[in-house]
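Below is one structure, written out as structure tokens, with a few remarks after it.
Quick note on labels: first sequence line is chain A, next is B, and so on, each numbered from 1. Keep in mind it's a predicted model, so treat the numbers as computed, not measured.
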Protein chains: 2
Amino acid sequence: MSRTQDELGLLLSRTYLSLKRETSRMLQQFELTPEQFSLIAELDKQDNITQKELADLTEREQTTVTKIVDKLVKKGLVTRGHDPHDRRAIRLQITAEGRDLVKDIKPKIEEIENHAYLGFHQKDIELLHTLIRKLHQNLQ
Amino acid sequence: MSRTQDELGLLLSRTYLSLKRETSRMLQQFELTPEQFSLIAELDKQDNITQKELADLTEREQTTVTKIVDKLVKKGLVTRGHDPHDRRAIRLQITAEGRDLVKDIKPKIEEIENHAYLGFHQKDIELLHTLIRKLHQNLQ
DNA sequence: CTCAAATAGTTGCACATGCAAGTATATTAC
DNA sequence: GTAATATACTTGCATGTGCAACTATTTGAG
């Protein structure tokens, strides 16, 4: 079954690395990495979640999230609070400074995405999202 | 322009990390990382290319490729040869052992991809590839 | 209730990543 | 032909990644 010449892994990694590099360069002025931005952007959407939940949302291991959150706390963008009902768990709060930063960065992320979507119809974008989401589900 | 709820970066990184993790677990029995496999698979397709060309093909910086090739050479899967016409350049050759390894691994990679494509029609797969390739081009 | 298993989190390791700065060679400008 | 620029590659650094092994707490089986 030679469906097309290129493997999924190669296609995905090339595209992911390109997007990540471009995002990384844009984020230098904010002294953030794409991964750090990804986590505070998620906390901006859903505050007061546990590290475990944040790991699941962003498809990373808890251990990875621990280390990135360490850096976000050091930068004053996130605080760690205890869960009153589960003393093992840590709940994360985004600070006002964190929210401001996300607000500043979001339009610049959109610029990059708009450029990536050059020549795409709205239908193409929706289809692409649907297919990628389905891929992701199958890989769970 | 709020096209859909999820950002491209989040979708892409989640899916990429999932696929990479599953591939990584499969490759443990071969003592290879997904990135190492990716490079020798590319060399299996096109032998005797320079590190620069390999970097471009896989969308990585030359510096990253240098380091992964170091490991492949140590494992005896790749050799470095000099370019007779350009003494700066290094040309890479995959060894017989390297080719055998790629041959063994390829069907297992296809298994993972087939699982990822569960519920996809052939048309969906082709469309997905076309859209991702277009994304990648726009990001160049 | 008690003890085993599961869960949330952390730390140490090896590897991937890319930028900055370096060397060596090739190309281009004049 | 020589000097400036570009190119191929390498090394050092900081960060992200996930597995293994660890602690602390909660859940569940009996």
Go through the steps for A:T95 and A:V78 under the test side-chain contact (heavy atoms from CB on, under 4.5 Å), then give the verdict. CA-CA 5 Å; A:T95 65; A:V78 167; 5.7 Å; no

Whole-Å gap separating P (C:dT11) and CD (A:Q51): 11 Å

Here the distance between atom C1' of C:dA8 and atom CD1 of A:I49, to the nearest Å, is 14 Å

In residues 30-41 of chain B, what residues come within less than 4.0 Å of DNA chain C, judged by heavy atoms? B:T33, B:E35, B:Q36

Nearest heavy-atom pair of B:A89 and B:T50: which atoms, and what distance? CB-CG2, 4.1 Å

B:I105 CD1 to B:K108 NZ distance, which is reported to the nearest 0.5 Å: 9.5 Å

With B:R80, which residues qualify under side-chain contact (heavy atoms from CB on, under 4.5 Å), at least two apart? B:Q51, B:T66, B:V69, B:D70, B:V73, B:I90, B:L92

Mind checking B:Q62 for me? I need base, sugar-phosphate or nothing, with any heavy atom below 4.0 Å counting as a touch. base

Salt-bridge present (A:K52, A:D56; N to O < 4.0 Å): yes

A:E35 bridged to A:K20 by N-O distance under 4.0 Å: yes

For B:L19 and D:dG18, what is the distance between atoms CG and P respectively, to the nearest whole Å? 12 Å

Taking B:I94's backbone N and O only, do any of them form a donor-acceptor pair with B:D44's side chain (distance below 3.5 Å, no angle check)? no

Carboxylate-amine/guanidinium contact A:R99 A:D104, below 4.0 Å: no

Rounding to an integer number of Å, can you tell me how far A:M26 CE sits from C:dC19 P? 14 Å

Specify the separation, in whole Å, of atom CG of A:L54 and atom P of D:dG16. 13 Å

Crowded around B:Q140 CD? As in, over 12 foreign heavy atoms under 6.0 Å? yes

Would you mind classifying the nucleic acid contact of A:R91 as base, sugar-phosphate or nothing, using non-hydrogen atoms under 4.0 angstrom? nothing

Using atom CZ of A:R80 as one end and atom P of C:dA8 as the other, report the distance to the nearest whole Å. 16 Å

Nearest-nucleotide 5' precedence on DNA chain C, A:A89 against A:K20: A:A89

Do A:E42 and A:K45 meet the salt-bridge criterion of a basic N to acidic O distance under 4.0 Å? yes

Do A:T130 side-chain atoms and A:E126 backbone N/O form a donor-acceptor pair below 3.5 Å? yes

Once ring pair (Phe, Tyr, Trp, His ring centres under 6.0 Å) is applied, what residue pairs with a partner in residues 8-37 of chain A remain, sequence neighbours excluded? A:Y16-B:Y16

Out of D:dG16, C:dG9, D:dT10, whichever nucleotide has its closest atom nearest the side chain of A:K71: D:dG16

Hey, are B:E59 and A:R21 close enough for a salt bridge, meaning a charged N less than 4.0 Å from a carboxylate O? yes

So which protein N/O to nucleotides 3-5 of chain C N/O distances come out below 3.5 Å?
none

Using the C1' atoms of five pairs at each end, what's the angle between the two axes of the helix from C:dC1-D:dG30 to C:dC30-D:dG1, to 10 degrees? 30°

Donor-acceptor side-chain pairing of B:N48 and B:Q93 below 3.5 angstrom: yes

Euclidean distance, atom CG of residue A:L17 to atom P of C:dT17 [Å, nearest integer]: 6 Å

How does each nucleotide of nucleotides 19-27 of chain D score, in 5' to 3' order, for protein heavy atoms under 4.0 Å: base (B), sugar-phosphate only (S), or none (-)? B----BBS-

Interatomic distance where CG belongs to B:D70 and P belongs to C:dA16 [whole Å]: 10 Å

